[in-house]
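Let me begin by presenting the structure, written as structure tokens, before commenting on it.
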Amino acid sequence: MTTSAPIRFRVLSLNCWGIRYLSKNCKERFVLIGDLLNQEQLDIALLQEVWCEKDFLFLKKKLSSIYPYSHYFKSGFIGSGLAVFSRHQFHDAFLYRYSLNGYPYMAQHGDWFGGKAVGKVLLNINGLKIHVFVTHLHAEYCREKDSYLPHRVVQAWELQQFIRHTSAAADVVILGGDLNMHPDDLGTRLLRNYTGLQDSFSEAANFDGCEEGHTHISENPFTNTDNLVPFGGGIRIDYILFKGSGEVDVSCESLSTTKGPVPGHPFPYSDHEALTAEFLFTPTTKGNRCSERQSVNEARTEVKVGLHCAERMRHTAARTGIMGLVLLVLELAIAAVPLFALGAEQPFPKASFYLLGALCFAILLSTLLLYIFYSMEVKALQGTEDQMRLALSKSLVTYSILTVTAVHLVDIRTSSVFENEI
Amino acid sequence: MATERPSRLRVFSLNCWGIRFFSQLCTQRYEMIGELLCQEQHDIALLQEVWSERDFLFLKRKLSSSHPYTHYFKSGVIGSGLAVFSRHRIQDALLYQYSLNGYPYMLRHGDWFGGKAVGLVIVDVSGLKAHVYVTHLHAEYSRAQDEYLSHRTVQSWELLQFVRHTSCGADLVVLGGDLNMHPQDLGNRLLRSHTGLRDCYTETDTFDVSTLPVTCLFSLFACPVFIGIITVCCSRQGCEDGHTLIADNHFTKKQDLVPFEKGIRIDYILMKGSQRVTMKCESLSTTKGPVADKPFPYSDHEALTAEFALLHSEDSRQRGSSDTLAVSEQMEVVAEARALVKEGLCQTEALRDKAMHLMFGALLLLLLPLAMAFLPCSCSCSFSTLGLLGAVCMVLLLSGALLYLLFTTHIKVLKETEDQMMLTSNDLQTKLTGCQLSGSSSLDGSPEIQPLSPFKREE
């Protein structure tokens, strides 16, 4: 067996909050982020919310000597906001845009325009195939009444599907990003259980950072502290997850987070804290770990709830559209009365006629657009549910086969013991 | 070297033309398709344009005994129209929706609403892991002035990326569907050269087996000198040149085939083995328009049936072809594709500018009725005229905004595709330099170079 020295690999993940004209001190913070990356001696940096291409190009120029390889994933109207800077060359990049990502009319939330996705880059270091994924899921605006939960569950499902199906040949898999989910939330459990990815916070040999590994804390002056009060002043929603393979063992040597205000600087890097993990890749001979197949039932329930809502909204849009059409027809009929009853007065004052007509057209147009949008949402949710059902049936078959095999083995053993006794 | 008997796999692919209320004799044709699939007992049937879920459920019920495992891929507003029927268990499924798929305002073309995509099903075929892909690309409405060429190129790119990235653990790979591209079109060449997938039509020894017995008998009585020629000529029958959209099919509009009089080949079954399995296409056949004993064909497209022989293989190399040549070919085709995507990008940026002009024009025009309404001028325009003008401006403004949103999204996709192509191009350049220096390395269509790793065990 050929052995080789273990490889150290440092990864950083940060949600940069780069919403130009809206987020505070945007330009200055990108300068600070550039300095941080130049100092930190990383192998790869995974950034989210780099919404403006100018900011990406600024970072690219600033980091060109230490991180000569970069990729900016583009999708949606202003997104995806995902950028990767690497010391090592990329051999390929691939993007998977999530089917669901909020609603276009929720302009105050704006996620829909972000074209959220998962980006993948392939690295090859000393013959090791390293698949690195970066992503950003839909934000959670109200935990008690989370209208985006089905969307986030679908995104988590598609994320785990994408990782699983595209990393069959990988020696090492790393996922970094803002999942907008707490560690025990359904989507996070689904992701970890199905992919077998491990959480660097739970696995790290050494940790230095915010309490409980929080990445969105009240000490950060950019954060809205009211939202964090029920959670003891912080939440953990950014992650670096990892996995080895049959031939390479990956261990997390250390994990650290920034802690809000940065010494020597007037403000932090972002409203999120940065995560830095150091991994060790060592050769091994043990096989792949089995991944548990839980949480799918729970996920399927959430998706069904979302589907029910979406179908109801689509039905409402259709009904409202038809009402608008009926109103328009009625209005035209009333307006046509003088044409048939000669000499009769026009019952409709012109201003009201045109205003009502305009209102009917506006209703028709908006309900048509909404109907198209909700149809796409329904299709995406149904598609995800079908995939989950397939996964469940596969688990059942595997479970049945394992159970039957186990029972058969017990029978053989019992009968052989019995024969020996005789 | 394997000495066991090869396993067989029969794959069927058909664009069903299942547009309810628009395509002719839809219900009756689905009955015929169901009967055909029941009789033929293919291992896997890949259907496209099954737009209505009701038709899928009808087929599912009809084929429940012969093909108990099914998957219907859902995406877009009415799509994706992709359905898989299988005799073997489907272990997993994944859908990748193409980022570009026409324009929503092109209602008479309607592709945008179809949510075109590529679907992957992982099927257990006698212990072998088969990755089966079914897809349908954007239609070509005018070859001379193809406004969707950049969209179809992006779809081809995303298709090849998806296949490359998801087929690493496969024992065998099959791709079936309506690519809406001729065999030597850029998208097709891009797909085949970068994935290593092979076209069954060009790979098979036998095209349309059903006609062979007659020709063999004939050749026995003919002069021995001519036997070889006749057999070779007669073994390539079925639709001429493997066409899948032909003039003989009375559902096909002749103007759609112009300038190709007899037909075009736009539906394919592609295949690839692996290090563990050698895959050979034993035969390929197509339907030929009118169906015997039936008043009309199955669809406006012809159906493809391929039969594969699967041999367990211990060979570590699939092909001993010249790898430098393969890499150069890949580089050339990617460069050509990149140029095309750049052209598409320019066109879309021009469209986005037009949308912006529309928005500003509408805004300016809106000032006119507002000014007239509020200024005490002597203008004799009635309120209703002003109101109408205002309404028109609002509609124009809204359309401009929606179009601006749409074209910006398209520009992002085109730029992303261009960046990925550039990355691949650079990677290929590195491989080419490496190939030229070292002399050889195996290429299997995977997206990574594989230098000898000090981590790997030497066997």
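Order of the sequence lines sets the chain letters (A, B, ...), proteins ahead of strands, with each chain counted from 1.
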More than 12 foreign heavy atoms under 6.0 Å from NZ of K412(B): is that the case here? yes
Flag the pair D92(A) / H165(B) as yes when at least one side-chain heavy-atom distance between them is below 4.5 Å, and no otherwise. yes
I would like to know whether K74(B) and V378(A) meet side-chain contact (heavy atoms from CB on, under 4.5 Å); could you show each step before the answer? CA-CA 9 Å; K74(B) 297 176 183 125; V378(A) 162; over 6 Å; no
How close do D92(B) and H165(A) get, counting heavy atoms only, and between which atoms? OD2-NE2, 3.3 Å
Per-residue tally against chain A (heavy atom, under 4.5 Å) across T408(B), L402(B), L428(B), L405(B) peaks at L405(B)
Counting only heavy atoms closer than 4.5 Å, note whether I78(B) contacts chain A via side chain, backbone, both or neither. backbone
Could you give me the CA-CA distance, side-chain angles and deciding distance for H71(A) and E416(B), then say whether side-chain contact (heavy atoms from CB on, under 4.5 Å) is met? CA-CA 9 Å; H71(A) 193 83; E416(B) 174 63 33; 3.1 Å; yes
Contact list (residues 358-374 of chain A to chain B, heavy-atom gap under 4.5 Å, by number) returns L365(A), L369(A), I372(A)
Does any backbone or side-chain atom of E53(A) lie under 4.5 Å from a heavy atom of chain B? Answer side chain, backbone, both or neither. side chain
Return the option, out of A168(A), S393(A), G76(A), S75(A), with the maximum number of heavy-atom pairs under 4.5 Å with chain B. G76(A)
Approximate separation, where rounding is to 0.5 Å, of R164(B) CZ and L122(A) CG: 8.5 Å
Any sub-3.5 Å donor-acceptor pair from Q161(B)'s side-chain atoms to A93(A)'s backbone N or O? yes
Flag yes if more than 12 heavy atoms outside M356(B) fall under 6.0 Å of its CE atom; otherwise flag no. yes
Output for pair (H131(A) NE2, C168(B) SG), nearest 0.5 Å, gives 6.5 Å
Honestly, the part of E377(A) sitting under 4.5 Å from a heavy atom of chain B is neither
Between L94(B) and R164(A), is the side-chain contact (heavy atoms from CB on, under 4.5 Å) condition met? List the steps. CA-CA 10 Å; L94(B) 180 62; R164(A) 256 185 342 115; over 6 Å; no
If you count the non-hydrogen atoms of other residues, nucleotides and ligands that lie under 6.0 Å from CZ in R54(B), is the total more than 12? no
Distance in Å, K74(A) NZ paired with K415(B) NZ, rounded so as to fall on 0.5 Å steps: 6.0 Å
Engaged part of H71(B) at the chain A interface, taking heavy atoms whose separation is under 4.5 Å: side chain
Side chain / backbone / both / neither for T166(B) at chain A, heavy atoms under 4.5 Å: both
Would you call the rings of F77(A) and Y404(B) parallel, tilted or perpendicular if under 30° counts as parallel and over 60° as perpendicular? perpendicular
Parallel, tilted or perpendicular: ring planes of Y96(A) versus Y96(B), cut at 30 and 60 degrees: perpendicular
Which of L390(A), I78(A), L95(A) touches chain B most, by non-hydrogen pairs under 4.5 Å: L390(A)
As an exercise: rank T424(B), V413(B), D419(B), I122(B) by heavy-atom pairs under 4.5 Å with chain A and give me the winner. D419(B)
Does any heavy atom of chain A fall under 4.5 Å from the side chain of F162(B), the backbone, both, or neither of them? both
Contacting region of L414(B) [heavy-atom separation from chain A under 4.5 Å]: neither
